[in-house]
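As structure tokens, the structure follows; a few thoughts come after it.
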Amino acid sequence: MIVIGLTGPTGAGKTTALEALAGLGFEIVDCDKLYYQLLARDGALRNALEAAFGPVFLPDGNLDRRRLAARVFGDPEELARLNALVYPAMSAAVEQKIRNCSQKRLAIDAVNLVESGMGELCSATVAVTAPPAVRLRRIMVRDGLSEEQARARIAAQKADAWYREHCTLLLENEAEDTERFARLAGEFFQVLILLFNGGEGKMDMKEWKEKLMPERKNGYDRLPAGEREAVNAYCQDYKAYLDAGKTERECVQEGIRLAEAKGFRAYQRGMSLQAGDKVYVNNRGKMLMLAVIGKESLAQGVHIAAAHVDSPRLDLKPTPLYEENELAYLKTHYYGGIRKYQWVTIPLAIHGVVALKDGKVIPVVLGEGDEPKLFISDLLPHLGAEQNKKTLSEAFAGEQLNLLVGSEPMEGEGKDRVKLAVMKRLYEKYGFVEADFISAELEVVPAANAADAGLDGSMIASYGHDDRVCGYAALRALLDLDGAPAKTAVCILADKEEVGSAGVAGMATAAFDTFMEDLCEGQGVPVRVCMEKSMCLSADVTAAFDPNFPDVYEKNNSAFLNYGIGLSKYTGSRGKSGSNDASAELVALVRRILDDKGVFWQMAELGKVDAGGGGTVAKFMGDRNIDTLDAGVPVLAMHAPCEVVAKLDCYMTYKACKAIYESAD
């Protein structure tokens, strides 16, 4: 464990030195902030201060700084009384920070590092100093002070000689600019780290284990203070996205709405684009491609997050409506890898479109809100003896997944009166006739909104997490970019992944190549040159370890809820069939990018080798000569009508996509 205490006079460059330490993996303890955090939560300290100095807290609970300052500054005895109360509490709090530090590198930022006794907790104490003339210029520029005021502030502080006497080392800042000092400070601390690491021979087994085989930790044990609010706020927005997008078409519509609100505009071939421009292409209403133009040429490649927004479901057949024993049904054809028994006896809705011969396209939503729900019936247990003998996959045939939609006959004589009554309702509401089902895309989905799950509300239960949880992360990260990234950032939300990524809106489509070629032509760059320098995060979900079914998982290589985004070097099935299998170099690069941005991640496999497997869009990006790594949110009950994810993992996937977009590597 390396603990470096940092102190020094104002204007010397301590902030830049702290940034250098943070860049080397040090956790920074800001003692000024820690002091006010202690005042907010340490009742004993508050009581002791009020007993010693009277009412020094405002009605809102905050410290009345002016009142306390007026009492102690200028009176050495009163100041000593204050320090006698504060210093022990601060030292104890910092010592706790050291014990809890998982990085094994910690820096203490404290003005009174030595006087408080906190220097004794450090492996080394470092004072950042600078010539008075240099400090004078910096303070005047930074704080807007006159020369006289700046000189008075410097005169009130300790001389360099004091720091030289009381600190282990001095880091003298005579650099002409901040960038040069940042580089020098980084080199200084790297040497210091090497000196301490040179003592590895004295490490005990516990220290060796921590260095070589650190244990994985739950994300909530690592989450920085204040970030929990960001997690919850992000997930509120994600739930709204889920409710607005239960089909790939609805996800594209909602994506365009969100993008345009952030300044994106529809791309027109031949548009002149500059760094920072934001464009999108809507491919047939079922695939969305967006880009933020970067500062570098497209010849240096792009950074891509590719996800899919289709989910397993039931589709209505081209001629679906029929009547049997005075009950009306809609016949379905399941889409993607579903477990058929999960879709019976649950409230269902219909979302989609009906295209008429005259070119009009009618959006359809049935069964949501207060509208009547739709169901698929099951056999009662009293008569299910024979059904119970069948396997889960055989208990329900695909042709039995028929949607019950009506039972009230139309008045009058004749056959199919219930079917006619249903068709009449559809015609009155939407204006289409039975023959129009042939040119319809109507999808049967669960009639429920996304909801917090667990007594603690730490999870989200919803239909469509696979793969809208990653699709939203990829989209939102792009929308939240601040200015032009170094490399052009591209987000792809594709259709048809659940059935092989084929078709004009699947990831295998030439539509993506056309989009990239159009962007490249605007800069005179061959698209093949761009792609060979590009990197893609294939943002797709992975299986979360489920303690109810441990036999199909290999725990050492499984993803767990609340441990962050799951990185999958390969997917595929059994002998890596259909796998992209990312290179070791790419995995190492992504690890570094995510670590540098504080993203929690874990490695993940989709169950035991012989248990099954699955594919993603990664192989289609790899086929284009784009370095691609699978990464996504771990999911419980994947492909079920209701899947479960952890909020922390959702947020970390968003952070991961944003880190990839922002990276200059």
Side-chain angles (χ1 to χ4, degrees), residues 179 182-183 259-260 262-283 287-307 474-494 507 509-539 580 582-583 585-594 596-597 617-618 620-629 631 655-665:
E179 185 176 344
R183 185 169 63 255
E260 289 182 341
K262 285 296 188 89
F264 281 73
R265 54 197 172 122
Y267 176 76
Q268 303 295 328
R269 187 164 291 147
M271 284 175 65
S272 176
L273 298 175
Q274 307 298 322
D277 284 349
K278 306 173 183 180
V279 294
Y280 71 85
V281 167
N282 175 2
N283 179 21
M287 180 185 192
L288 183 60
M289 297 171 284
L290 310 96
V292 178
I293 306 303
K295 299 172 185 175
E296 296 182 9
S297 165
L298 287 167
Q300 301 305 311
V302 300
H303 285 176
I304 305 168
L475 173 66
R476 174 69 178 270
L478 191 78
L479 303 189
D480 286 352
L481 289 180
D482 186 13
K487 296 182 184 292
T488 294
V490 176
C491 171
I492 308 296
L493 304 180
M507 201 61 247
T509 181
F512 169 69
D513 305 82
T514 301
F515 177 59
M516 292 304 304
E517 190 172 353
D518 286 343
L519 295 181
C520 287
E521 282 184 354
Q523 295 187 8
V525 174
V527 70
R528 67 180 185 279
V529 173
C530 174
M531 287 188 176
E532 69 186 14
K533 294 285 188 68
S534 295
M535 174 173 61
C536 175
L537 208 64
S538 171
N580 170 65
S583 70
E585 293 85 352
L586 177 61
V587 177
L589 174 61
V590 173
R591 286 173 58 199
R592 179 169 61 77
I593 291 171
L594 300 190
D596 287 349
K597 291 292 187 177
V617 302
F620 302 102
M621 304 306 281
D623 287 345
R624 293 177 165 101
N625 198 23
I626 297 173
D627 273 329
T628 304
L629 175 66
K655 285 186 66 174
C657 291
K658 196 162 186 282
I660 294 296
Y661 290 144
E662 292 175 337
S663 172
D665 293 309

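Residue numbers count from 1 along this sequence.
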Compile the donor-acceptor pairs under 3.5 Å between side chains in residues 512-521 and protein atoms, sequence neighbours left out, one pair per line.
{"from": "D513", "atom 1": "OD1", "to": "R624", "atom 2": "NE", "distance (Å)": "3.2"}
{"from": "D513", "atom 1": "OD1", "to": "R624", "atom 2": "NH2", "distance (Å)": "2.9"}
{"from": "D513", "atom 1": "OD2", "to": "R624", "atom 2": "NE", "distance (Å)": "3.1"}
{"from": "T514", "atom 1": "OG1", "to": "A510", "atom 2": "O", "distance (Å)": "3.0"}
{"from": "D518", "atom 1": "OD1", "to": "R269", "atom 2": "NE", "distance (Å)": "3.1"}
{"from": "D518", "atom 1": "OD2", "to": "R269", "atom 2": "NE", "distance (Å)": "3.0"}
{"from": "D518", "atom 1": "OD2", "to": "R269", "atom 2": "NH2", "distance (Å)": "3.1"}

Close side-chain approach of [X] to [Y], heavy-atom, < 4.5 Å:
X: L290; Y: F264; result: yes
X: N625; Y: R528; result: no
X: K278; Y: L478; result: no
X: I626; Y: M535; result: no
X: Q268; Y: M271; result: yes
X: T488; Y: E296; result: no
X: H303; Y: S663; result: yes
X: V292; Y: P485; result: yes

Out of curiosity, [X] [atom1] to [Y] [atom2], how far, rounded to the nearest 0.5 Å?
X: L586; Y: T628; atom1: CG; atom2: OG1; value: 7.5 Å
X: L475; Y: L288; atom1: CG; atom2: CG; value: 7.0 Å
X: I492; Y: C536; atom1: CD1; atom2: SG; value: 8.5 Å
X: Q523; Y: S272; atom1: CD; atom2: OG; value: 10.0 Å
X: S583; Y: D627; atom1: OG; atom2: CG; value: 5.0 Å

Looking only at heavy atoms, which two atoms of [X] and [Y] are closest? And how far apart?
X: M507; Y: M621; value: CE-SD, 3.5 Å
X: A486; Y: A664; value: CB-CB, 3.8 Å
X: D480; Y: K658; value: O-CE, 3.5 Å
X: Y661; Y: A474; value: OH-O, 2.9 Å
X: V279; Y: Y267; value: CB-CB, 4.0 Å
X: S297; Y: V525; value: OG-CG2, 3.8 Å

Derivation of the side-chain contact (heavy atoms from CB on, under 4.5 Å) call for I293 and Q274: CA-CA 7 Å; I293 306 303; Q274 307 298 322; over 6 Å; no

Steps toward side-chain contact (heavy atoms from CB on, under 4.5 Å) verdict (V302, C530): CA-CA 7 Å; V302 300; C530 174; 3.8 Å; yes

Heavy atoms from other residues, nucleotides or ligands near NZ of K597 exceed 12 (cutoff 6.0 Å):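 No, not enclosed.
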
Ionic contact status for K487 with D665, cut-off 4.0 Å: no

Side chain to side chain contact (heavy atoms under 4.5 Å, CB included) against N283, all qualifying residues, sequence neighbours excluded: M287, M289, A505, A511

Residue pairs involving residues 530-539 (criterion salt bridge (charged side-chain N to carboxylate O under 4.0 Å, His left out); sequence neighbours excluded):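 Checked against salt bridge (charged side-chain N to carboxylate O under 4.0 Å, His left out) - neighbours excluded - no pair reaches residues 530-539.
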
